[in-house]
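When a residue number appears, it is its place in the shown sequence, counting from 1.
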Amino acid sequence: MGKTVWMFPGQGSQMPGMGQTLVQHDETRQALMDLGTRIGLDLTELLTTGTKEDLKATDLAQPAIVAHSTLLANRYAALGHQPDFVLGHSVGEYSALVAASVLTPSEAVYLVRERGKLMNQVTGGTMAAVIGLDDVEAAHHAVESIAATGEIVQIANYNCPGQFVISGQVAAVESATAKLKELGAKRVLPLDVSGAFHSSLMTPFAPRFEDVLVSSPFQAAKTKFISNVDSNFHDQPDELIRLLVQQLYSPVRFEACVEKLIAEGADTFIEFGPSSPLSGLVKRIKKDVKIVSITTLEQLEAEAIR
């Protein structure tokens, strides 16, 4: 029998009004208010009336996404559903860890709020999505050749065949963009982010975030959690904390994670979040798996009774 993956998107999946469906139900509205109280932020207002500009701030976007995703997944679980595996993309890993009973929603929202504050301090960097270049090895060598000159640039996300993301200093990303276009990339699109996430520019902030993680209560995973860092399964608190620190400056190996899950028998992927960017990536990786996107409570209720 096939197995099910619950997956959770990262930054960029947020959108204005994404919490409207949550505040229309007493239980999820109260839960959202409680999460906001935990981090001293009016999440109810942010998720219902926050503008695109408001939600662009990393320290606001990350708790907003995690709060939204975890409340949807928790509601789905309350209706009698459980995953065989959980997978997050970047900050979505915190939602995945809630689904695996490693973190409480309250603790996850607190951690990503702190993570976002640290990320906001990273300046002088940017990211760009590279589309339509299938030769990832050639792309890697091109990016490495620029990094060898002392500039900081690297591949930050391996998303799906023909799509990856580069991250680093602005000038280095621009140099890499030119090289990758020469190699045949159809498009290289600058991303609307505040810094060079998943690059070595994040390394100086890693020890400070590790202190935050170590002081937080982590439990052993009750559901198989696959890490972005090494595309392997991990369940112990100490190794999960280590990987969450490494994740700040390491590439997100989403494609490898999906391939590993499929090899383990996964044939259904359910995405919980404000929007569904991962569903499209999975479809590019494997066409014949079942993909379900749940962005509202109404979609959730409809799916739950199938």
Kindly say whether [Y] contributes a backbone atom to a donor-acceptor pair with the side chain of [X] at under 3.5 angstrom?
X: Gln11; Y: Ala61; value: no
X: Ser231; Y: Ala256; value: no
X: Lys283; Y: Lys287; value: yes

How far does [atom1] of [X] sit from [atom2] of [Y], to the nearest 0.5 angstrom?
X: Leu300; Y: His81; atom1: CG; atom2: NE2; result: 8.0 Å
X: Leu118; Y: Asp59; atom1: CG; atom2: CG; result: 10.0 Å
X: Thr126; Y: Phe197; atom1: OG1; atom2: CZ; result: 9.5 Å
X: Thr28; Y: Met33; atom1: OG1; atom2: CE; result: 11.5 Å
X: Ser275; Y: Met18; atom1: OG; atom2: CE; result: 9.0 Å
X: Leu32; Y: His25; atom1: CG; atom2: NE2; result: 13.0 Å

[X] vs [Y] side-chain heavy atoms within contact, under 4.5 Å:
X: Glu151; Y: Val153; result: no
X: Leu111; Y: Ser216; result: yes
X: Phe205; Y: Tyr249; result: no
X: Leu183; Y: Asp135; result: no
X: Glu301; Y: Leu79; result: yes
X: Ser276; Y: Thr295; result: yes
X: Asn232; Y: Ser227; result: no
X: Thr223; Y: Asp84; result: no

With sequence neighbours excluded, what pairs up with Arg253 under the salt bridge (Lys or Arg N to Asp or Glu O under 4.0 Å) test?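 For Arg253 there are no salt bridge (Lys or Arg N to Asp or Glu O under 4.0 Å) partners, ignoring immediate neighbours.
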Ion pair [X]/[Y], N-O distance below 4.0 Å:
X: Arg284; Y: Glu255; answer: no
X: Glu239; Y: Arg242; answer: no
X: Glu114; Y: Lys117; answer: yes
X: Lys286; Y: Asp288; answer: yes

Which pair of heavy atoms, one from [X] and one from [Y], lies closest together, and at what distance?
X: Asp134; Y: Gly162; result: OD1-CA, 3.4 Å
X: Ala67; Y: Leu43; result: CB-CD1, 4.1 Å
X: Met202; Y: Ala196; result: CG-O, 3.5 Å
X: Ser167; Y: Val173; result: C-CG2, 3.9 Å
X: Ala64; Y: Leu55; result: CB-CD2, 4.1 Å
X: Gln247; Y: Val91; result: NE2-N, 4.4 Å

Checking [Y] against [X]: is there a side-chain donor and acceptor pair closer than 3.5 Å?
X: His89; Y: Asn159; value: yes
X: Gln62; Y: Thr58; value: no
X: Arg187; Y: Gln163; value: no
X: Ser95; Y: Thr70; value: no
X: Gln121; Y: Arg208; value: yes
X: Gln30; Y: Asp34; value: yes
X: His198; Y: Ser90; value: yes

So if you build clusters from Ile, Leu, Val, Met, Phe, Trp, Tyr with side-chain heavy-atom gaps below 4.5 Å, do [X] and [Y] land together?
X: Val136; Y: Met127; value: no
X: Leu191; Y: Ile155; value: no
X: Val165; Y: Val143; value: no
X: Ile241; Y: Phe209; value: yes
X: Val170; Y: Val122; value: no

* Could you walk me through whether Tyr94 and Arg115 pass the side-chain contact (heavy atoms from CB on, under 4.5 Å) test, one step at a time? => CA-CA 11 Å; Tyr94 292 82; Arg115 181 180 187 268; 3.8 Å; yes
| task | Output, in order, the C-alpha distance, side-chain angles, deciding distance and verdict of side-chain hydrogen bond (donor to acceptor under 3.5 Å, both in side chains) for Ser279 and Ser293. | result | CA-CA 7 Å; Ser279 296; Ser293 302; 2.8 Å; yes
Output, in order, the C-alpha distance, side-chain angles, deciding distance and verdict of side-chain contact (heavy atoms from CB on, under 4.5 Å) for Ile146 and Lys179. CA-CA 9 Å; Ile146 295 169; Lys179 274 186 174 286; 3.7 Å; yes
Step-by-step side-chain contact (heavy atoms from CB on, under 4.5 Å) determination, Glu271 to Val292: CA-CA 6 Å; Glu271 182 172 8; Val292 179; over 6 Å; no
*Non-neighbouring partners of Ser101 that pass side-chain contact (heavy atoms from CB on, under 4.5 Å), sequence neighbours left out*: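 Partners of Ser101 by the side-chain contact (heavy atoms from CB on, under 4.5 Å) criterion, ordered by chain and then number, come out as Lys222.
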For Leu261, the other hydrophobic cluster members (4.5 Å side-chain criterion, sorted by chain and number) are Val5, Met7, Phe85, Leu87, Ile226, Phe233, Val252, Phe254, Val258, Ile262, Phe269, Leu278, Leu281, Val282, Ile285, Val289, Ile291
The side chain to side chain contact (heavy atoms under 4.5 Å, CB included) partner of Leu22 among Thr296, Thr44, Thr48, Leu47 is Leu47
- Examine Phe164 together with Tyr158 and report whether their ring centres are nearer than 6.0 Å. no
Glu264 atom CD, neighbour heavy-atom count above 12 within 6.0 Å:
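Yes, enclosed.
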Let's go through Val66 and Phe8 carefully: what are the C-alpha distance in whole Å and the side-chain angles of both, what is the deciding distance for side-chain contact (heavy atoms from CB on, under 4.5 Å) to 0.1 Å, and is it a yes or a no? CA-CA 8 Å; Val66 170; Phe8 303 88; over 6 Å; no
- Item | Pair Lys3-Asp267, salt bridge (Lys or Arg N to Asp or Glu O under 4.0 Å): steps then yes or no | CA-CA 6 Å; Lys3 297 178 180 178; Asp267 64 359; over 6 Å; no
